[in-house]
Amino acid sequence: MKFLSLSLLSISALSACVSAGPLAAMDQLRLFSSQEPELRLIQYGEDTPPRWMTEADKEALLRAGVKYMDITEYPHPPVSSLGSEWKPFIPANARYQDEVAPFIGNLTTDTMKEVLTEFTSFRTRYYKSSYGAKSCRWLIQQIRDVADGFDHVSVEEFEHSWDQFSIIARFEGSNKDLENELVIVGAHQDSVNMWMPSFGRSPGADDDGSGTVTIFEAFRSLVHNGFNPERPVEFHWYSGEEAGLLGSQAVSNAYKEDGKRVVAMLQNDMTGYVGANGEVIGIVTDHVDEKLTDFLKNLVDNYAGIPYVLTKCGYACSDHASWRKVGFPSAFTIESAFDDSNHYIHTTGDTIDKLSFDHMKEFSKVAVGFAVELSHKRD
Ligand SMILES: *[C@@H]1O[C@H](CO)[C@@H](O)[C@H](O)[C@H]1NC(C)=O
């Protein structure tokens, strides 16, 4: 991932862009649709109007390291069935250290190693490939094995219009007054080879196999040590992040429309690579909820064994953006300062040997702290 201004992209890569309003453009395009490639509506800035482009143009953006949201399915913000606006209370300081301690004490790197070794052996986890469809079926089985026998924990497929589903594991809350509120910890399960997206080898060990196993281990420890939250807590493994946050947008829009209230969402995308400046937890400060991000700093101070560093990653750089877009507080932890992060991502070189499982475990600690602290009602 690197920063590139769009002006560096060839004009032809963006030639499909239409300057008229998106809906007018869509109508125009339908008139000529039989010969035209399918166009997607792409947004790469909070204040930049979205543009129509082809799948080939999207792949050019990927190779250029430009992050974007593909908002074709969700051009307008969803309307909550809640009707009125609701603002969650985000605390300033951690308070449940005694409750969190045993969950953190039970974290190990053993399961993370096993799961990531198998997970990176799929040829690719590209969301539209048969390999990606297989990898999600394998992953959900591992998650189901963890939850097996715990009645207040469920594991569900969230189906999409492509073959790789997203996965949602949920702890029911014990306080019925809070059953429509929830806390979400997320990562993305898909990977991509930027040179040959549909079938090129893409181990995706760091991006985002590392986040996948980071939250898997947090979930495992919570389940196996009797976590019984006040409000519901969910763990999400999204499909299609690399194609413009497709899976997380589908989930966030559905939740918003269903009137669910998301108190807070934490994304873990790339947690395994130790950058040149040593072991730190990168806390992203742009395009995130400020109050929640301040609380995240406090969580790192309380629960991680390493310090944090503040960093920026640009617009729509991971799935937390899909929650922000529908109006819920979200935050993002990453392996290092952004400039210091793994340069092998999106290639055949994104492999386990470059990663540290102890580093991933530090992020599991923060994820556990996040889940437990925010599962309590405070105000
Ligand atoms: C984690 O908890 C399980 C079940 O209580 C126990 O068997 C295991 O030894 C614990 N592992 C660690 C590292 O504490």
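Whatever order the structure lists ligands and atoms in, that order sets their numbers, starting from 1.
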Do we see a donor-acceptor contact under 3.5 Å between the side chains of Ser330 and Arg324?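 Not at all, the side chains of Ser330 and Arg324 share no donor-acceptor pair under 3.5 Å.
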
Check: Thr333/Asn268 side-chain N/O donor and acceptor closer than 3.5 Å: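 There is such a pair between these side chains.
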
So that I can tick it off, tell me whether Lys58 and Asp70 are bridged by a salt bridge, with the cut-off set at under 4.0 angstrom between side-chain N and carboxylate O.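 Lys58 and Asp70: salt-bridged.
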
Carboxylate-amine/guanidinium contact Glu241 Lys67, below 4.0 Å: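 Judged by the 4.0 Å cut-off on N to carboxylate O distance, Glu241 and Lys67 do form a salt bridge.
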
Measure from the ring center of Tyr238 to the ring center of Phe158 and say whether it is less than 6.0 Å.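 Aromatic pair excluded; centres sit 6.0 Å or further apart.
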
At less than 3.5 Å, what protein N or O atoms come close to the N or O atoms of ligand 1? Include the distances to 0.1 Å.
unit_1: ligand 1; atom_1: 2 (O); unit_2: Asn106; atom_2: OD1; d: 3.2
unit_1: ligand 1; atom_1: 2 (O); unit_2: Asn106; atom_2: ND2; d: 2.3
unit_1: ligand 1; atom_1: 11 (N); unit_2: Asn106; atom_2: ND2; d: 2.8
unit_1: ligand 1; atom_1: 14 (O); unit_2: Asn106; atom_2: ND2; d: 3.1

Please say which of Thr117, Leu116, Thr271, Asp208 ends up in a side-chain contact (heavy atoms from CB on, under 4.5 Å) with Val213.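 Filter result, single survivor: Leu116.
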
